[in-house]
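All values below come from the heavy atoms of this structure, side chains included, with hydrogens, waters and symmetry mates left out.
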There are 4 protein chains.
Amino acid sequence: MSKAHGSRNGGAPGRPRDAHIDAAVLAATLEVLDEKGYAGLSLEEVAGRAGTSRPTIYRRWAGRAPLVLAAIAARLDVPAPPDSGCTLCDLAESFNVFLAAYRTIRPDVLASLYSDCARDPELRDCFLGTLIEPSRRAVGRTLDQAIARGDLRAETDREQLLDLLGALVHYRALFGREHLTDSEAERAIQTLLRGVAVDYPALVAHSQALELEHAAPHGDHGEHGDHGDRTA
Amino acid sequence: MSKAHGSRNGGAPGRPRDAHIDAAVLAATLEVLDEKGYAGLSLEEVAGRAGTSRPTIYRRWAGRAPLVLAAIAARLDVPAPPDSGCTLCDLAESFNVFLAAYRTIRPDVLASLYSDCARDPELRDCFLGTLIEPSRRAVGRTLDQAIARGDLRAETDREQLLDLLGALVHYRALFGREHLTDSEAERAIQTLLRGVAVDYPALVAHSQALELEHAAPHGDHGEHGDHGDRTA
Amino acid sequence: MSKAHGSRNGGAPGRPRDAHIDAAVLAATLEVLDEKGYAGLSLEEVAGRAGTSRPTIYRRWAGRAPLVLAAIAARLDVPAPPDSGCTLCDLAESFNVFLAAYRTIRPDVLASLYSDCARDPELRDCFLGTLIEPSRRAVGRTLDQAIARGDLRAETDREQLLDLLGALVHYRALFGREHLTDSEAERAIQTLLRGVAVDYPALVAHSQALELEHAAPHGDHGEHGDHGDRTA
Amino acid sequence: MSKAHGSRNGGAPGRPRDAHIDAAVLAATLEVLDEKGYAGLSLEEVAGRAGTSRPTIYRRWAGRAPLVLAAIAARLDVPAPPDSGCTLCDLAESFNVFLAAYRTIRPDVLASLYSDCARDPELRDCFLGTLIEPSRRAVGRTLDQAIARGDLRAETDREQLLDLLGALVHYRALFGREHLTDSEAERAIQTLLRGVAVDYPALVAHSQALELEHAAPHGDHGEHGDHGDRTA
DNA sequence: TGCTAAGCGAGACGGTACGTCCCGTCTTAAT
DNA sequence: ATTAAGACGGGACGTACCGTCTCGCTTAGCA
């Protein structure tokens with residue numbers, strides 16, 4: 001049906017794999033996943049929707065969990081971390097990478113993946129590498145910039161902070177309880193920053209100044225919520 | 001096999017339930033759960049080990065998830081929150097309630113429960129009520145005391161703080177990665193407290209004073225890790 | 001609920017049985033039997049429709065088969081065999097007793113009873129006594145009259161003939177194939193009689209004479225089919 | 001375990017059926033059937049004895065009834081009808097085909113099949129085709145020969161006679177009452193033949209002549225019973 | 001151009017467990 | 001003692017998927 005050959009498939013003999021099938025299967029997987037969740041996903045149905053057969057799927061993925069992981073990973077994309085010079089803004093922005101990445105995943109699917117990973121170290125590594133690390137790394141880089149800039153104390157425990165932030169996202173993502181909202185996320189960041197910032201009020205001031213600057217020309221609609229500290 | 005009747009079961013008609021069966025099933029459930037995890041638990045096997053039959057189990061619990069939830073809840077017990085006057089100590093102590101409650105649960109089991117809850121609101125309420133709320137409430141009370149005492153700022157967002165703490169526990173409990181250790185937990189508490197305390201150094205001082213008091217008579221082996229702030 | 005007591009129930013102590021229940025259960029049994037057949041009849045449903053409970057049914061009948069047998073037997077009634085002097089007519093008439101008794105029974109129910117009886121001698125005796133023997137006896141008496149009258153040969157094997165007739169009825173009753181019709185039945189009787197009659201043509205002649213006699217006053221529309229021998 | 005392939009299975013796609021399984025299941029079915037009867041036969045046990053699983057059985061037969069039917073049919077074999085020129089002998093011989101076919105079937109099994117067939121037309125057709133028609137056809141052919149030969153009256157109702165004979169066999173086969181014996185069967189045939197033969201005494205004479213002929217050389221052990229008419 | 005090796009669909013394989021139904025019995029409290 | 005109610009232990013049901021296998025056919029690259 002297709003002619004994807006470039007005369008080369010690594011020198012392997014025999015008929016090469018049909019790349020269209022991979023795509024169709026991943027798409028079908030996401031479709032079923034969104035409709036019926038993880039427990040309701042049977043490879044039988046995925047094969048049916050993708051117009052292929054079960055053995056063909058098993059030839060490419062080791063089972064349900066790896067397939068689902070691949071399907072979800074394929075949909076995700078993690079943009080580069082920002083570096084505007086404003087620690088508060090950058091962190092909030094960067095944190096949204098975290099959030100956006102999980103808001104597309106059904107809670108039950110995420111939880112089931114966690115469960116499968118707990119029993120399969122190989123799968124776990126893959127899970128970490130494709131779903132966890134990328135966004136963690138992005139936020140991590142933002143933290144590093146803030147520390148380098150002298151906004152956060154030098155002895156700040158980077159990993160602990162990432163854990164606290166990541167935990168919050170996942171905790172909420174795992175419950176049917178609506179995912180973390182943007183404003184909740186920002187307030188959490190504020191609480192955490194107050195614990196690790198060298199001079200928290202200064203950070204707030206800087207952020208507000210920048211905001212005004214941006215807002216002045218076009219008029220601020222305030223749709224981001226402000227970074228201000230209501231208690232100050 | 002036993003009689004157990006007290007001539008009273010609330011006036012309900014029909015043969016009363018045999019409480020021994022409930023106990024045997026819950027015990028068998030925990031046994032299988034610890035051996036094979038959630039995915040490896042079949043009601044068939046539970047029934048077998050409990051010396052009863054599948055229908056009898058279905059008569060008492062609506063399915064696998066409610067059964068597992070009940071079994072885990074039965075094993076849990078949440079002690080009363082402490083109130084020693086030392087915010088740092090109390091919080092650490094109280095937080096251990098959180099931790100202890102989850103360290104007995106296999107990560108895959110917890111994750112699977114999350115997954116099932118995400119699709120079943122009724123189950124979710126039960127899950128929240130039996131596995132989440134009790135420990136959250138315990139820590140919450142400790143926070144309230146600290147606020148009342150004036151150790152934490154009056155406008156502290158109690159729920160947010162609980163979320164951050166709880167999230168951390170669950171996040172770790174869900175990964176095969178070893179659960180949160182006591183020292184990690186303490187350091188996380190410190191980070192958070194620094195963000196919400198009225199006078200953080202004073203809290204640390206108070207805690208250390210108490211510790212010395214206790215330690216003096218027997219000699220302190222330092223096995224709890226100290227509450228000291230390395231940055232001070 | 002009822003007060004059927006006459007202050008006497010044979011001196012038995014305790015609460016006397018409620019006769020209404022027997023009737024209600026038998027009626028419910030017939031109802032379910034007619035709707036869903038033997039395999040579809042559960043004592044649970046019968047109890048429900050009769051407004052009583054399973055144990056109460058078991059107290060009165062030993063199980064499904066005896067209950068069904070009792071229900072069917074209660075509906076049956078076998079009238080006295082005729083003795084008009086006309087062997088052909090009597091036999092046909094008597095044979096209808098056979099037929100009528102079975103036309104009210106669903107084939108699958110009859111067959112299932114046969115099956116249960118094959119494994120339970122006690123039930124079998126009851127089955128024979130209530131469903132088979134009465135009609136067999138009625139036809140048997142007619143045969144005896146015919147032999148006594150000299151219409152059938154003296155050495156006629158009464159039992160064999162009854163077997164052949166009975167077999168035919170049951171054979172048909174057991175198949176979904178419509179039960180034996182009246183005209184088929186009559187022709188079968190003719191075939192058999194020709195094998196055992198002393199003077200078959202004379203029997204036919206007698207029968208036809210009687211028929212005319214009866215028919216003359218009101219005009220015979222021949223709706224019974226005639227007993228004539230097409231071959232004569 | 002075995003290969004058995006002839007590279008051809010009719011061009012059907014997919015993995016071909018393993019014929020050994022069919023055989024093992026049918027054998028196991030007969031085994032259980034003979035031991036515990038129809039009601040005592042569970043597909044679970046059959047699967048166990050055949051070394052396979054329930055779903056595999058359901059893949060090949062639609063349920064218990066079709067399976068049992070297939071198992072019984074596989075054991076049956078209907079030999080060709082005889083044509084010796086002696087109507088009485090042929091009929092008796094042919095009738096034994098009828099008998100032999102049913103003497104191997106437990107009454108309760110036969111009855112249960114009847115019951116199931118009464119509710120399922122498709123099954124009924126299969127039942128008729130495999131268990132009823134073959135032997136009926138064999139006897140039917142013998143009757144045709146007798147009519148063609150002029151031994152039976154031309155207007156004889158072939159179907160009615162077959163019904164009467166078949167009914168007798170089944171009637172007896174359905175009761176635990178011992179199956180029809182050979183001598184009973186012969187006497188029934190005689191009764192029936194007298195009703196349809198052109199010249200019954202001649203038939204008897206012919207039969208007896210043949211018997212002497214056969215008996216003379218080897219000496220007659222009389223194991224067939226004689227065809228004589230005790231009443232003559 | 002033909003060989004070889006893999007991919008592919010189809011579908012049956014042996015198997016585990018599901019959730020349900022109904023059995024026949026037992027244990028209550030109430031009549 | 002019998003009633004209605006309802007749980008008991010138990011056996012079997014028919015179904016859904018699992019992950020694997022065996023086919024016959026197709027497709028490509030290498031010879």
Side-chain angles (χ1 to χ4, degrees), chain A residues 1-5 7-9 11-18 21 41-45 47 51-60 62-64, chain B residues 3-5 7-18 21 40-45 47 50-60 62-64, chain C residues 1-3 9 12-18 21 41-45 47 51-60 62-64, chain D residues 3 5 7-18 21 40-45 47 50-60 62-64:
Chain A
M1 296 236 155
S2 74
K3 43 190 61 184
H5 73 96
S7 176
R8 277 288 79 167
N9 69 79
R15 177 177 174 175
R17 290 223 168 126
D18 183 345
I21 291 180
L41 177 141
S42 77
L43 293 217
E44 203 136 42
E45 180 165 17
T52 183
S53 62
R54 218 148 13 107
T56 296
I57 295 182
Y58 278 104
R59 226 170 274 127
R60 291 151 198 256
R64 184 160 61 152
Chain B
K3 290 263 136 110
H5 72 94
S7 173
R8 273 285 85 166
N9 69 79
R15 177 173 174 174
R17 289 239 162 113
D18 183 345
I21 292 179
L41 177 140
S42 76
L43 292 218
E44 200 137 46
E45 181 166 14
T52 183
S53 61
R54 226 159 349 124
T56 296
I57 296 182
Y58 278 105
R59 230 172 270 130
R60 291 152 194 255
R64 185 157 62 149
Chain C
M1 296 239 156
S2 72
K3 44 187 62 180
N9 65 79
R15 175 175 173 178
R17 286 222 169 130
D18 183 345
I21 291 180
L41 177 141
S42 76
L43 293 215
E44 202 134 43
E45 181 165 16
T52 182
S53 63
R54 215 141 22 99
T56 298
I57 295 182
Y58 277 105
R59 224 169 280 125
R60 291 152 198 254
R64 184 159 62 152
Chain D
K3 290 265 134 112
H5 71 95
S7 173
R8 278 284 85 168
N9 70 79
R15 177 173 174 173
R17 290 236 161 114
D18 183 344
I21 292 178
L41 178 141
S42 76
L43 292 217
E44 201 138 45
E45 181 166 15
T52 185
S53 61
R54 222 153 0 117
T56 296
I57 295 182
Y58 279 105
R59 232 171 266 130
R60 291 152 196 254
R64 187 158 60 151

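In this structure, A/Ala47 and A/Ser53 approach most closely via the heavy-atom pair CB-C, 3.7 Å. Summarising the geometry of A/Asp18 relative to A/Arg60, their closest heavy-atom pair is O-NH1, 3.4 Å, with the distance given to 0.1 Å.
When rounded to the nearest whole Å, the span between OH of B/Tyr58 and P of F/dG10 equals 17 Å. Look at CD1 on D/Ile57: it is 16 Å from P on E/dA12, rounded to the nearest Å. Atoms CG (A/Asp18) and C1' (F/dT26) sit 12 Å apart, rounded to a whole Å. One interatomic measurement links the two molecules: CD1 of B/Ile21 to P of F/dG10, which rounds to 9 Å at whole-angstrom precision. Atom CZ in D/Arg15 sits roughly 11 Å away from atom P in E/dA12 (whole-Å rounding). Across the protein-nucleic acid pair, A/Arg17 atom CZ and E/dA5 atom P stand 18 Å apart, rounded to whole Å.
Residue order along DNA chain F, read from the 5' end via each residue's closest nucleotide, puts D/Gly63 first among D/Gly63 and A/Ala62.
Partners of B/Arg17 by side chain to side chain donor-acceptor pair (under 3.5 Å), not counting sequence neighbours: none found. With sequence neighbours left out, the side chain to side chain donor-acceptor pair (under 3.5 Å) criterion links C/Arg59 to no other residue. Legend: residues meeting side chain to side chain donor-acceptor pair (under 3.5 Å) with D/Arg54, ordered by chain and number and at least two apart, are D/Glu44. For A/Thr52, there are no side chain to side chain donor-acceptor pair (under 3.5 Å) partners, not counting sequence neighbours.
Among the heavy atoms of the strands lying under 4.0 Å from C/Arg60 are primed sugar atoms or P, OP1, OP2 only; no base atom is included.
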Hey, what are the protein-to-nucleotides 15-17 of chain E N/O distances that come in under 3.5 Å?
| unit_1 | atom_1 | unit_2 | atom_2 | d |
| --- | --- | --- | --- | --- |
| E/dG15 | N7 | D/Ser53 | OG | 3.3 |

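Distances were taken from every side-chain heavy atom of D/Pro16 (C-beta onward) to each of F/dA28, F/dT15, F/dT22; the shortest belongs to F/dT22.
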Watson-Crick and G-U pairing of DNA chain E, under 3.5 Å, as dot-bracket with | and [ ]:
|||||||||||||||||||||||||||||||
